[in-house]
Amino acid sequence: METPKIFEPGKIEEKWYAHWMEKGYFHSVPDNREPYTIVIPPPNITGVLHMGHMLNSTIQDVLIRRARMLGKNACWVPGTDHASIATEAKIVQKLKAEGIQKSDLTRDEFLSHAFQWKDKHGGIILEQLKKLGASCDWERTHFTMDKEYSESVVNVFIDLFNKGKIYRGVRMVNWDPEALTAVSDEEVIYKEVNSRLFYVRYKIDGSDDEWITIATTRPETILGDTAICVNPLDKRFTHLHGKSVIVPIVNRIVPILTDDYVDMEFGTGCLKITPAHDINDYEIGRKFNLASIDLFNENGTLNNNGLHYEGVDRFEVRKLIEKELHETGFLVKTEDHINKVGFSERTNAIIEPKLSMQWFVEMKDLAKPALENVMNNNIQFYPEKFKNTYRHWMENVKDWCISRQLWWGHRIPAWYYGEGVNDFVVALTADKAASLAHEKTGVVYKAEALKQDEDVLDTWFSSWLWPISVFNGLTQPNNPEINYYFPTNDLVTGPDIMFFWVARMVIAGYEYKGDLPFKNVYYTGIVRDKLGRKMSKSLGNSPDPIALIDQYGADGVRIGVLISSPAGNDLPFDTSQCEQGRNFTNKLWNVYRLVSAWEVVDFEQPQSANLAINWFESKFNKALSEINDAFDKFRISDALMLTYKLIWDDFCSWYLEIVKPGYEQPIDKLSKERTISFFEKLLILVHPFAPFISEELWHLIGNDKKGNDIIVASWPIAGKVDDATLLSFNQCEAVVSNIRNIRKQQNIANKVKLSLFVKSQVNEQLNFHAVIVKLGNLSTMEYINEDMKGAFSFLLGGKEFFIPFGEEIDIVAEKNKILAELEYIKGFLKSVQGKLSNEKFVSGAQSSVVESEKKKEQDALAKIKILSEKLAGFE
RNA sequence: GGGAGUUUAGCUCAGCUGGUUCAGAGCAUCUGCCUUACAAGCAGAGGGUCGGGGGUUCGAACCCCUCAACUCCCA
């Protein structure tokens, strides 16, 4: 059967993935090998695979596959995150489409809908990862709301509460009026928006016609003003200190305060204070003990403090109140203005700062070991620059609002026995709570009489336990698995969740295991499109990864996303990169086509082949050390590029071209064996990047019989490197290139055989004589002592090479070429001599540097001599 | 407003402690080849005042100052 010219990935991917699964290669159990563990950043169960996952997962798979080949017990734990806000929103939406309102359902009914949805759609993204070749230990798949996992989360809450690190209180929080929940500071995204600055005048209380003008971007909050404030140093307002103003529309009399928080340059230098709806105003309000007048309902409409605007949406009120202020003469003017507005990360609704009763984690003490151990590199960040960002956040860490007014998530284990603020206890079960309440109050409560907190916990309050809880490290402390796999080795994630997740996992690691959760954190960049835009659903600029895999093959896509994505750098993605990846797999395929077609006959190995084998042995070993080094430094793209060049340039373009016999000629046994053995090793190196084709070819070249698979083949050990061989091969390459160059310039067809003459002081053959003859397509290659006239020539390593002119030769062009070269060398000599004649250089520079300059001078002089003689030869 | 980072070929990036023919790689481009594994290929070539300016040094892509542009984080 004819082997197709083009590699067809679709045919083999499923086959090998099923084979690997069947053999259980992905599954890990603790043994006496060294563990190598990665926990996947669990994607949202609502998610479908996007390019960010592709990048992230490919990197993890590369690391895992290489570790497996290095003989480690590789364990990549997959799973999904319940993603409370995103998922709840999705389910609410879905129910709405079916004509069901969330408010019509009980909590239990809603949750049953949610779990049904999860069971049906929750695993899509994991199935997609399989197409990519991800070698996750699927038997270990976890979900952040699994029974045992949930137990860990709730217990951690109880534990932190008992340690006094969790408290409940009324604070200014970020309110998402669409999701109807509080969110953490990290879930607010500030964006610049075009808005307007409204100048509104307030009448000074007790005056006839004296006014003060404030500037605000939020005129609708005027109804909640309880003061206005100026800078104490602002001379414009000194005469008003201690007076009061009348707030328009509500006609409330509020004081004029002074505080240096107020920026004299901004607006009018006079600020209205609405403590209920702005974090800074809130602080000022606390300082001056001002009343907070809450204006908004949970959904962003105005409440009964909004007077005639009650029930109207906050942005609608902004328009209406502008009109009213204008008509009543309070609005002085408006200006266009750019300001930063907070948006909800999940719903994109504009966040409303709102006072509310929530649960918080006190972060300050918890953060200490987490900061320390990153700063001292116990946990290493790649790239290191992210340490700065991390430190900045940790040093200014704020308390973490962890309660969410949602149903989908881990319900807060607080039980209320009364109406008072402190009438609650925290416990795992109602029974336990009842007895605690009894202890606390002396009153006997029935478990059924207690009311559990309605709120659930922030998703990240469960994700931060991920590296511990996927091994049940909290529910079964010191079980063999947690002891074996934890701390995990590497974490691969995006810098965008450094605070949400990475920092908090580090905190949890130290708090609950007294140890780091992972040793290295590799931050990937953001995948962007050709135009540099972030890939997103709304822009529609994100290619469908599965479609890409269908088009280019999983291996091609993996190479495509890795080929230019150094750690921490954004990846400007273009499908042409997948094309490059696919072309590379095709190249590998054709190596197989070539080598497999060689017919072996027993004859003596040609010298050129022998030389090539010796050279490639060294070349391979050298490249292998470089590749290992790149991996050790998490320079994955470099490792790939080194592998790519080793295969394409060194192996295919040089080695195979030397070894390969002429058309329909047989090959000797030894050369074929050695070639296949090199190819095997190269396939191993390429396997982490291109698992499917490497497995396929591994079997096609005969490893079927041995019954082993490349996925568990041993990573090669770098052997001896003979530098002298590498050096002389470089020379050989240069000679061949020069010959080809002359062919090209003179339009001499490749088929035409040439003669090459080498003039050399020492009368010995070049090391790679036979190789040059073969690749240069030479009829003869001879050594001479005299210059040759009537020939093209080039200089290399102190030797002069001549190719006699054939017929139609352009003498003038040849002469000009030599002249140009001479010119260049003379310039070079001048700069070298300039250095050497500079006394400061000779005395100041290291002697080795001076020596090398002297050597350069000698070489240049010799070259000039040769070129001048050559030129004379044309006369 | 505060902080961090980036700027090297058309694009994406390497370039270590300032010193070797150090200005590099891949892709893209151009030229010639359907040569017998691969045209998804082969061979060859061109292309950069290292963001601008100043300084330190015998010597600067690299160190210092300054200006500019961009990116990210925080408020």
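A, B, ... follow the sequence lines: proteins, then strands. Residue 1 opens every chain.
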Length of the [atom1]-[atom2] vector between [X] and [N], whole Å:
{"X": "A:Asp638", "N": "B:C13", "atom1": "CG", "atom2": "P", "answer": "13 Å"}
{"X": "A:Gln577", "N": "B:C11", "atom1": "CD", "atom2": "P", "answer": "15 Å"}
{"X": "A:Lys387", "N": "B:C72", "atom1": "NZ", "atom2": "C1'", "answer": "19 Å"}
{"X": "A:Asp185", "N": "B:C74", "atom1": "CG", "atom2": "P", "answer": "10 Å"}
{"X": "A:Gln746", "N": "B:G32", "atom1": "CD", "atom2": "P", "answer": "16 Å"}
{"X": "A:Leu562", "N": "B:C13", "atom1": "CG", "atom2": "P", "answer": "15 Å"}
{"X": "A:Glu626", "N": "B:G15", "atom1": "CD", "atom2": "P", "answer": "14 Å"}
{"X": "A:Lys645", "N": "B:A25", "atom1": "NZ", "atom2": "P", "answer": "7 Å"}

Roughly how many Å apart are [M] and [N], using the [atom1] atom of each and rounding to a whole number?
{"N": "B:G54", "M": "B:U49", "atom1": "C1'", "value": "16 Å"}
{"N": "B:G55", "M": "B:C62", "atom1": "P", "value": "14 Å"}
{"N": "B:G46", "M": "B:C30", "atom1": "C1'", "value": "7 Å"}
{"N": "B:A9", "M": "B:A68", "atom1": "P", "value": "23 Å"}
{"N": "B:G15", "M": "B:G24", "atom1": "P", "value": "16 Å"}
{"N": "B:C74", "M": "B:U29", "atom1": "P", "value": "40 Å"}
{"N": "B:G32", "M": "B:A39", "atom1": "C1'", "value": "13 Å"}
{"N": "B:C72", "M": "B:C65", "atom1": "P", "value": "26 Å"}

Please output the side-chain donor-acceptor pairs of residues 494-505 of chain A that fall under 3.5 Å, not counting sequence neighbours, one pair per line with the distance.
| unit_1 | atom_1 | unit_2 | atom_2 | d |
| --- | --- | --- | --- | --- |
| A:Trp501 | NE1 | A:Ser463 | O | 3.0 |
| A:Arg504 | NH1 | A:Phe500 | O | 3.2 |
| A:Arg504 | NH2 | A:Glu186 | OE1 | 2.8 |

For [X], check side-chain hydrogen bond (donor to acceptor under 3.5 Å, both in side chains) against everything at least two apart and list the hits.
{"X": "A:Lys398", "result": "none"}
{"X": "A:Asn280", "result": "A:Tyr261"}
{"X": "A:Glu13", "result": "none"}
{"X": "A:Ser576", "result": "A:Asp574"}

Discussion item. Counting the atoms with a prime plus P, OP1 and OP2 as sugar-phosphate, which does A:Arg635 contact under 4.0 Å by heavy atoms, base, sugar-phosphate, or nothing?
Written reply: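 Result for A:Arg635 = sugar-phosphate.
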Worksheet item: In dot-bracket notation, what is the pairing pattern of RNA chain B, taking Watson-Crick (N1-N3 plus N6-O4 or O6-N4) and G-U wobble (N1-O2 and O6-N3) contacts under 3.5 Å, with [ ] crossing and | for other strands?
Response: (((((((..((((.....[....)))).(((((.......))))).....(((((..]....)))))))))))).
Practice prompt. Find out whether the Lys NZ or Arg CZ of A:Arg635 is both under 6.0 angstrom from the six-membered ring centre of A:Phe631 and within 45° of the ring's axis.
Written response: no
Discussion item. Counting primed atoms plus P, OP1 and OP2 as sugar-phosphate and everything else as base, spell out the protein contacts along nucleotides 34-44 of chain B at 4.0 Å heavy-atom distance: B, S or - for each nucleotide, 5' to 3'.
Written reply: -BBBBSBSSBS
Worksheet item: For the ring pair (Phe, Tyr, Trp, His ring centres under 6.0 Å) test, which of A:Phe692, A:Phe679, A:Phe7 pairs with A:Trp589?
Response: A:Phe7
For [X], which residues count as a salt bridge (charged side-chain N to carboxylate O under 4.0 Å, His left out) partner, sequence neighbours excluded?
{"X": "A:Lys340", "result": "none"}
{"X": "A:Glu8", "result": "A:Lys11"}
{"X": "A:Arg582", "result": "none"}

Let me have the donor-acceptor pairs involving side chains of residues 641-652 of chain A, under 3.5 Å, with sequence neighbours excluded, atom names and distances please.
| unit_1 | atom_1 | unit_2 | atom_2 | d |
| --- | --- | --- | --- | --- |
| A:Thr643 | OG1 | A:Ala639 | O | 2.7 |
| A:Tyr644 | OH | A:Gln580 | NE2 | 3.4 |

Worksheet item: More than 12 non-hydrogen atoms from neighbouring residues, nucleotides or ligands closer than 6.0 Å to NZ on A:Lys622, yes or no?
Response: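 No.
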Please produce a list of atom pairs where a protein N or O lies less than 3.5 Å from an N or O of nucleotides 1-7 of chain B.
| unit_1 | atom_1 | unit_2 | atom_2 | d |
| --- | --- | --- | --- | --- |
| B:A4 | O3' | A:Asn388 | ND2 | 3.4 |

